[in-house]
Amino acid sequence: MSPRKQNMESSIYFGTDGWWHGRVTMGVQPDGKPDRRHRRARTEAEIKRKVRELEALRDKGRAPKAGRKPTVEKWMTTYLTDIASLKLRPRSLDDYWSKTRNHIIPGIGQHRLDKLEPEHLEHMYRVLLDNGYAPSHVLKVHRILSRALKIAHRRRLVVENVATLVDPPTVDETEANPFTSAEAKAFLEAAAKRPTFMRWCIGVGMGLRQGESLGLRWPYVDLDNELFHPQWQLQRLTWKHGCADPQACGQRFHRFELCPPDCGTHKGYKRGCPKPCPKDCTAHARSCPDRKGGGLVFTRPKTKKSRNAVPIPPPFIPYLREHRAQQHEMRTAAGELWQEHGVVFSRPDGRPLDPRQDWAEFKELLEEAGIDDRRLYDGSRHTAGTILNELGVDMPTIMEILRHTQISQTRRYVKGRSHLSKDAMRRMGDHFMPRPQSTTETRTEPTDSRTERARRRRRIR
């Protein structure tokens with residue numbers, strides 16, 4: 001009779017099935033039963049190696065939990081639904097869901113978490129790049145997946161976060177393209193012909209974000225003390241189902257087959273025909289009769305620093321008072337059709353301006369002013385930071401005006417100008433090597449020279 005093994009001691013034996021088997025005691029399961037893990041291999045040396053690895057994980061407290069591990073698709077759904085939704089902002093959560101549905105699940109969704117390898121991620125990134133996606137887009141996918149796997153590792157669902165073993169694509173920082181002073185003036189001259197003139201003055205002259213400008217409301221505008229309090233921002237959020245069965249709710253909108261090559265239904269779509277729905281599609285929430293949480297919504301800015309008060313340039317005050325008076329006239333003209341939201345920049349019926357319409361108007365103003373195409377951010381925050389720097393404002397003050405949390409972020413918003421660089425280097429050269437004084441040719445001889453020549457003549461005589 002063989003002696004009884006000590007507690008937590010592993011056992012290795014050769015089975016009748018022709019495999020070597022190893023049993024490792026890991027502890028106790030949540031229901032109180034012993035947690036015994038099984039490994040098998042073809043050779044004795046291989047099974048001993050596997051047993052030693054499992055024992056090392058147990059001794060370090062890094063052993064994964066017992067039970068079958070979920071697939072990447074199942075874990076990403078759990079992570080976004082129950083974990084990330086408690087911390088992320090609504091727009092960020094929508095972006096996480098979009099990249100998960102379109103890239104992560106189709107690429108590696110069927111792999112089990114504990115069977116996921118770095119090569120699987122690298123292949124998925126290679127496919128995305130080959131399909132024309134920008135490296136910055138692939139990098140966002142990598143960060144979303146890495147964060148989800150980090151939580152899985154923290155909860156001992158996997159031994160290691162394989163995303164840390166992968167080098168994502170290198171992304172070159174997008175270079176800012178702000179307005180020059182002349183372009184900014186031309187842009188505002190074109191905007192002066194429109195009712196939204198003050199919206200663009202605030203965007204270009206104060207560097208407010210689009211959501212902050214459109215979400216600005218009169219109770220948070222202090223004209224007497226010349227301050228804006230950007231406590232809210234306007235954002236467009238994705239609608240969510242409010243019904244009990246989202247799949248059945250969108251039944252008449254489901255499409256499970258690809259469109260024909262000569263499709264005329266989606267001819268005007270900028271992105272072409274939409275992709276077919278998955279079999280368990282729960283989208284089409286905008287058609288739900290009980291939809292919730294979507295549309296144009298006032299939300300809080302992302303950081304506490306973003307809610308700091310912003311000084312209003314004193315020359316803007318008379319124009320803002322005039323703008324408010326014109327808005328009162330619009331309210332009187334609209335009568336019962338007026339919808340009170342208290343926004344500074346509104347439509348004729350009182351509703352906030354649509355961000356999409358605002359973006360389209362920005363592009364129209366660029367064309368009217370004769371300025372080449374650029375991003376809305378370049379024409380607002382980057383322009384404000386760059387012109388403040390040209391006016392001699394120091395970087396910490398610009399950081400406070402733009403409400404950044406780090407000065408390194410402010411430096412990325414400020415772009416140097418070539419004419420300022422030339423002027424600075426000219427002054428540097430004058431400091432070390434002053435310019436030589438210009439000399440003029442003298443045509444009259446000095447008096448002492450003529451006297452000296454007369455004395456020489458007398459001596460010779």
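What you see is a predicted model; the values in this text were computed from it and never measured.
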Of all heavy-atom pairs linking His323 and Trp218, the shortest is CD2-CZ2, 4.0 Å
Whether the side chain of Asn131 engages the backbone of Val127 through a donor-acceptor N/O pair (distance < 3.5 Å, no angle test) should be reported. yes
Do Arg381 and His404 have a side chain donor and acceptor closer than 3.5 Å? yes
Do Gln210 and Ser380 have side-chain atoms, one donor and one acceptor, less than 3.5 Å apart? no
Please identify each residue that fulfils side chain to side chain donor-acceptor pair (under 3.5 Å) with Thr238, with sequence neighbours left out. Asp94
When Lys302, Arg300, His229, Arg403 are each screened for side-chain contact (heavy atoms from CB on, under 4.5 Å) with Arg307, the one that passes is Arg300
Please work out whether the ring planes of Tyr377 and His382 are parallel, tilted or perpendicular, with thresholds of 30° and 60°. perpendicular
In Å, rounded to the nearest 0.5 Å, how long is the span from CG of Leu121 to CD1 of Ile108? 4.5 Å
Within the 3.5 Å criterion, strictly below it, is a donor on His328 or Arg331 matched to an acceptor on the partner's side chain? yes
Contacts of type side chain to side chain donor-acceptor pair (under 3.5 Å), residue Ser287, not counting sequence neighbours: none
With sequence neighbours excluded, tell me which residues meet ring pair (Phe, Tyr, Trp, His ring centres under 6.0 Å) with Tyr133. His103, His137
Neighbour count above 12 (heavy atom, 6.0 Å) for Arg286 CZ: no
For a 4.5 angstrom cut-off between non-hydrogen side-chain atoms, does Leu320 reach Phe228? yes
Could you give the distance from OG (Ser306) to CD (Gln231), rounded to the nearest 0.5 Å? 10.5 Å
Between Arg324 and Leu223, is any pair of side-chain heavy atoms under 4.5 Å apart? yes
